[in-house]
Amino acid sequence: MTATATPLALRIKDVGKTYTGHRGTAVEALRGIDLDVAEGEFVCLVGASGCGKSTLLRLVAGFEDITSGQLDARNGPVDGPGPDRGVVFQDYGLFPWLTVAANIAYGPRQRGLPSAEITARTARYLTMVQLDSFAERYPSELSGGMQQRVAIARVLANDPAVLLMDEPFGALDSLTRERLQHSLTEIWQQVRPTVLFVTHSVEEALFLADRVIVMSGGPNHGVPGHIVHEERVTLARPRDVTAPEFNTIKRRLLDAIHAQLPDVALASVAPG
Ligand SMILES: Nc1ncnc2c1ncn2[C@@H]1O[C@H](COP(=O)(O)OP(=O)(O)OP(=O)(O)O)[C@@H](O)[C@H]1O
Ligand SMILES: [Mg+2]
């Protein structure tokens, strides 16, 4: 599925991934994935549990190798993790022994940036995630939503071209989650990284993305994970989740997901 004429941040061509399961059995998680992502584009992946969303994200992150096909980031073929691709997971992954500010400064420090630059970046991203007054606190002193904001700031402080997010708001209560969706939209508008974002929530995908990709299948459903549908979303941001246009697209996406699903998998798709 091809993006616009803007330069590509990611080119995923006929990609397949087969894991080695228990007792050496082959588990074909993905087959024939074609997805081009334009620079600065916000793409969400949705689909039932086990269809390979996390696998695709891990391939792009370079945590796993592709089994077949071609996977290129801006610097060429992906052959491992790199600072051009930053990853945010559901469980924050902060260093508990470092303060909020030190967590954010960690990456730039590792890369040996001048200390004035590190200070400036840390301040910039602290402000962006609205945690200035918590700079000297430790992660354990913060709520889940605040910790996730630190995690986002920490990744952004490395200036990644591509931001990979795997259900980053999945563990949060719905109010916090909505707030973070708004914050992420604002941050994305300011910084304009390319984003590949996995979520179980169709509504969240539709609130955030320029394009929503629906995946289906998976080894537990007898066919490898693959892409079945996509929706380009041109609604102005911040999006009104009660608008009729919003809900028309949401309906189409839910239909696309449910059309592919055996009954057993239905329970794992959030209605929102
Ligand atoms: N390391 C692994 N070894 C063997 N099989 C794996 C491995 N990782 C994932 N799988 C299998 O690959 C399939 C896709 O898994 P993946 O985690 O990518 O799905 P997902 O869409 O992210 O699901 P969820 O929505 O539940 O997070 C599943 O059947 C899973 O069991
Ligand atoms: Mg997953």
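We use all heavy atoms of the structure for the numbers below, so side chains are in, but hydrogens, waters and symmetry mates are not. Whatever order the structure lists ligands and atoms in, that order sets their numbers, starting from 1. Just so you know, residue 1 is the first one in the sequence shown, and it goes up from there.
Scanning the protein for heavy atoms near atom 19 (O) of ligand 1, the closest one is Gly52 N, 3.4 Å. Atom 27 (O) of ligand 1 has Glu167 OE2, 3.6 Å as its closest protein atom, hydrogens excluded (heavy atom only). In terms of protein heavy atoms, atom 31 (O) of ligand 1 is closest to Asn220 ND2, 4.7 Å. Looking from atom 17 (O) of ligand 1 to the surrounding protein, the closest heavy atom is Ser54 CB, 3.8 Å. When hydrogens are left out, the protein atom nearest atom 26 (O) of ligand 1 is Ser49 OG, 2.5 Å; that is the closest non-hydrogen contact. Summary of contacts: the protein heavy atom closest to atom 9 (C) of ligand 1 is Tyr19 CE1, 3.3 Å.
Of the charged side-chain nitrogens involved, none lies within less than 4.0 Å of a carboxylate oxygen, so that Asp173 and Arg179 do not count as a salt-bridged pair.
Within the 3.5 Å criterion, the main-chain N or O of Leu71 finds no donor-acceptor partner in the side chain of Lys13. No donor-acceptor pair closer than 3.5 Å links the side chain of Lys53 to the backbone N or O of Phe197. With Glu141 contributing its side chain and Tyr138 its backbone, the two residues share a donor-acceptor pair below 3.5 Å. No donor-acceptor pair under 3.5 Å is formed between the side chain of Glu39 and the backbone N or O of Pro193. A distance-only check finds no donor-acceptor pair linking the side chain of Asp84 to the backbone of Ala161 [under 3.5 Å]. Within the 3.5 Å criterion, the main-chain N or O of Thr18 finds a donor-acceptor partner in the side chain of Thr67.
When each of Leu208, Leu184, Thr199 is tested with Met165 by the rule side chain to side chain contact (heavy atoms under 4.5 Å, CB included), just one qualifies, namely Leu184. Of the candidates Arg251, Arg211, Arg252, Lys250, Glu231 forms a salt bridge (charged side-chain N to carboxylate O under 4.0 Å, His left out) with just one, namely Arg252.
If you look at Met215 next to ligand 1, there are no close heavy atoms at all, none under 4.0 Å.
Where the criterion is an N or O separation shorter than 3.5 Å, residue side chain and backbone included, Pro219 fails it with respect to ligand 1. Looking at ligand 1, you'll find an N or O of Thr55 within less than 3.5 Å of one of its N or O atoms. In terms of polar-atom proximity, defined here as any N/O pair under 3.5 Å, Ala29 makes no such contact with ligand 1.
With distances taken over non-hydrogen atoms, the option nearest atom 13 (C) of ligand 1 out of Gly50, Gly225, Ala26 is Gly50.
A 6.0 Å sphere centred on CZ of Arg121 holds more than 12 heavy atoms belonging to other residues, nucleotides or ligands. For Arg31, the CZ atom is loosely surrounded, since the number of other residues' heavy atoms within 6.0 Å does not exceed 12.
Every heavy atom of Lys17 sits 4.0 Å or more from the atoms of ligand 1. Heavy atoms of Gly218 come nearer than 4.0 angstrom to ligand 1 in no pair at all.
Put simply, atom 5 (N) of ligand 1 has protein non-hydrogen atoms near it, under 4.0 Å away.
Note that the CZ atom of Phe134 and the CD atom of Gln147 stand 12.0 Å from one another [nearest 0.5 Å]. Taken to the nearest 0.5 Å, the CD atom of Glu230 stands 12.5 Å off from the SG atom of Cys44.
For the Mg ion (ligand 2), the count of nearby protein N/O/S atoms, taking only those under 2.8 Å, is 1.
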